There are 2 protein chains.
Amino acid sequence: MNKYPHSTRILVALDCIVFGFDGEELKLLLIKRNFEPEQGKWSLMGGFLEEEEDLEVATNRILYDLTGLKDIYFEEIKTFGKVNRDPVERTLSICFFALINIHAHNQDSAKAQNAYWVDLKNRPNLIFDHNQMVDLALEELRYKAALHPIGFELLPEQFTIPQLQKLYEAIYDSPLDRRNFSRKILSTNLLIDTGEKNQNSTTKKAILYKLDKEKYQSKFNAFHYFISDSMR
Amino acid sequence: MNKYPHSTRILVALDCIVFGFDGEELKLLLIKRNFEPEQGKWSLMGGFLEEEEDLEVATNRILYDLTGLKDIYFEEIKTFGKVNRDPVERTLSICFFALINIHAHNQDSAKAQNAYWVDLKNRPNLIFDHNQMVDLALEELRYKAALHPIGFELLPEQFTIPQLQKLYEAIYDSPLDRRNFSRKILSTNLLIDTGEKNQNSTTKKAILYKLDKEKYQSKFNAFHYFISDSMR
DNA sequence: TTTAATTGTGTAAATTTAACACAATTATTT
DNA sequence: AAATAATTGTGTTAAATTTACACAATTAAA
């Protein structure tokens, strides 16, 4: 097997923006680096693509190491490739974002990576071009969530419509009309009434829904217009 | 400057799907390979990311070498990273699509690369995973063009609404209602009436429009819903 | 039992979309 | 010169959707 003789091999990293939702605010799972380079500073979770490892496998490995979860929803955003973006050595970064249920991930995995949930709005400064990556990820999340039902990935198995609304309000940092939102969501037919009601409520208890996984799969690529253009 | 000692450096290629429109059909600019590997077979235009070259610069270099054009509209799609996707040596491919005005590019540049315009519908089989790349690129083009005014990138400076409609019909391989299409396009206020009319017509001459570049820039990220969901 | 907060559902006006018809223009044919 | 055929520009109406609201029901706490 002949190799390509005249070309340069380059380090390839994967960096992931992990979003979570605590019921009130959008959160990021960030690393307080206890290793070099840039020890002590904050960064995204990342890792290098290994010798005999498919790119997809590497992505799942990195997400698993951080969260202890498999089959996480993620989406590739962009490859960052400025020559000097990493001062140690030239490194490409294939950047993606992931959405997880903040209560489902393994705390020990996060602890092992020295990872902490941080409010998106009050996030610390990050190393290298990681700030730009987060900005872009938020943009992409907003774009995608306006049209496709990816928001559910951030919620627990069962959730109420008011919870879902709070999530969308957090994503777009804008208030939404309760009545119109509810109608829009229900009209997608993606929700199944579980018959149960939210217990931890101090006033009227809201209906608990779960996602209709089959319809979610089959209608995922349809447009839903959850959020109007003016809102984004 | 310390290097990262234990990690693997990998070959990184860029492969681009170049779309064009001849007034009737969507076209692809493909390479009839007169070099190894896979000499004689068809492939996408590509190239390796070089040592001291920004990723963005490499993309523009490859597009320039193929078309003689600068400032081409392009969009990154995905990085293909299966270990064995290139049998010669492990190679990542950062894949993107580009839209050009088929009449504006430099024929000599294309000839130098042994590149030919091919009907998207009757395209030859391509090497490696390039077929998948084209499939994905078409999907992304359809997705993006349903919401954002990228179609104009495929047309000459001046164009008529019937021409534009033919383009959209080619992209979605579906007929569109002439009257509703015209209304939808005009309501974006992205078109400027040049006052001139299409000359090479055997019947009623259509109005020639040009793009309002300022509005195009500023409203690019707004949603336009050029194509309804059921159409895609 | 009242109160306050929240949830579920309804309604009417405005806007947008979908489906369709007709008049105007131009090269070609009669 | 008039008729023809193909194509273009614009208009209309009904249906569907969105927007901006109001009201009744539920629940824990006062």
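Every value quoted in this text rests on a predicted model; they were computed, and no experiment measured them. Here is how names work: the chains are called A, B, and so on, in the same order as the sequence lines, proteins then strands, and each is numbered from 1.
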Fill in: Candidates Phe97(A), Phe74(A), Trp117(A) - the one meeting side chain to side chain contact (heavy atoms under 4.5 Å, CB included) with Val18(A)
Trp117(A)
Practice prompt. Would you indicate whether the side-chain heavy atoms of Leu164(B) and Phe152(B) approach each other to under 4.5 Å?
Written response: yes
Rounded off to whole Å, could you give me the [atom1]-to-[atom2] distance for the [X] and [N] pair?
| X | N | atom1 | atom2 | answer |
| --- | --- | --- | --- | --- |
| Asn180(B) | dG11(D) | CG | P | 14 Å |
| Gln163(A) | dT7(C) | CD | C1' | 13 Å |
| Tyr209(B) | dT8(D) | OH | P | 12 Å |
| Arg179(A) | dT18(D) | CZ | P | 17 Å |
| Asp193(B) | dG9(D) | CG | P | 9 Å |
| Gln199(A) | dT6(C) | CD | C1' | 15 Å |
| Leu176(B) | dA18(C) | CG | C1' | 13 Å |
| Arg178(B) | dC22(C) | CZ | P | 14 Å |

Discussion item. At less than 4.0 Å, is any side-chain N or O atom of Lys205(A) found next to OP1 or OP2 of dA28(D)? Yes or no.
Written reply: yes
Item to complete: Specify the residue among Asp177(A) and Thr202(A) whose closest nucleotide of DNA chain D lies further upstream toward the 5′ end.
Response: Asp177(A)
Worksheet item: Ile161(B) or Arg183(B): which one's nearest nucleotide on DNA chain D is closer to the 5' end?
Response: Ile161(B)
Practice prompt. Give Thr160(B) one of three labels, base, sugar-phosphate or nothing, depending on what nucleic acid heavy atoms sit under 4.0 Å from its own.
Written response: nothing
Out of [options], which has the shortest distance to the side chain of [X]?
| X | options | answer |
| --- | --- | --- |
| Ser228(A) | dG8(C), dC22(C), dT19(D) | dT19(D) |
| Thr203(B) | dT8(D), dT7(D), dA18(C) | dT7(D) |
| Ala206(A) | dA21(C), dG8(C), dA18(C) | dG8(C) |

Worksheet entry | Heavy atoms of other groups near Glu157(A) CD, more than 12 under 6.0 Å | no
Worksheet item: Less than 3.5 Å between a donor and an acceptor, one on the side chain of Lys204(A) and one on the base of dT27(D), is that the case here?
Response: no
Fill in: Check: His224(A) main-chain N/O paired with Lys219(A) side-chain donor or acceptor under 3.5 Å
no
Discussion item. Go nucleotide by nucleotide along DNA chain C from the 5' end; which of Ser201(B) and Tyr225(B) gets its closest nucleotide reached first?
Written reply: Tyr225(B)
Worksheet item: Thinking salt bridges, do Glu76(A) and Lys144(A) make one under a 4.0 Å N-O criterion?
Response: no
